[in-house]
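Before any comments, here is the structure.
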Amino acid sequence: MIDADSIKEAAMLIKSGLLAAAGGVVGYLVDVHRGKQFSWIQYGIFVMVAFFVGQVLDSFLPSEMPGKGGVLMVAGTSAYPILVVLQTKVSNLVEKMQ
């Protein structure tokens, strides 16, 4: 059953992803400004990765955190490096659990 709380929760998830995706747009355009060749496919992938990072990072940040939207946008600008850090940390955690 869909209730108001479920709709609010879904809207907040989409919001965090969109904030990070906006940061991803900026991050990609900065790369293009630095001389990287523009590609619509790479642009789309970069924005989707930024959206994903926003979703993941949102679950780690407190919901009442001041400046949370800004943190998500900055995370979107550097989505790939953040994924590498997360991958390393999770891999280390899994190795310790074995």
How long is the gap from [atom1] on [X] to [atom2] on [Y], to the nearest 0.5 Å?
X: Leu13; Y: Lys8; atom1: CG; atom2: NZ; answer: 12.5 Å
X: Met12; Y: Lys15; atom1: CE; atom2: NZ; answer: 4.5 Å
X: Lys36; Y: Leu29; atom1: NZ; atom2: CG; answer: 10.5 Å
X: Leu61; Y: Ser16; atom1: CG; atom2: OG; answer: 9.5 Å

For Ile41, look at atom CD1 and say whether over 12 heavy atoms of other residues, nucleotides or ligands are found less than 6.0 Å away.
no

Which pairs pass side chain to side chain donor-acceptor pair (under 3.5 Å) with one or both residues in residues 64-88, sequence neighbours excluded?
Asp58-Lys68

Taking all non-hydrogen atoms of both residues into account, name the closest pair between [X] and [Y] and its distance.
X: Gly76; Y: Ala50; result: O-CB, 3.6 Å
X: Val49; Y: Ala79; result: CG1-CB, 3.7 Å
X: Leu19; Y: Gly69; result: CD1-CA, 3.7 Å
X: Gln37; Y: Gln42; result: O-OE1, 4.0 Å
X: Ala75; Y: Leu57; result: CB-CD2, 3.5 Å
X: Gly54; Y: Ala20; result: CA-CB, 3.4 Å

The complete set of salt bridge (charged side-chain N to carboxylate O under 4.0 Å, His left out) pairs with one or both residues in residues 76-92, sequence neighbours excluded, reads none

Do [X] and [Y] belong together in a cluster built from hydrophobic side chains that touch within less than 4.5 Å?
X: Phe52; Y: Phe60; answer: yes
X: Tyr43; Y: Leu83; answer: yes
X: Val25; Y: Val32; answer: yes
X: Ile82; Y: Val56; answer: yes
X: Val47; Y: Trp40; answer: yes

In terms of ring plane angle, is the pair Phe38 and Tyr28 parallel, tilted or perpendicular, where the classes change at 30° and 60°?
perpendicular

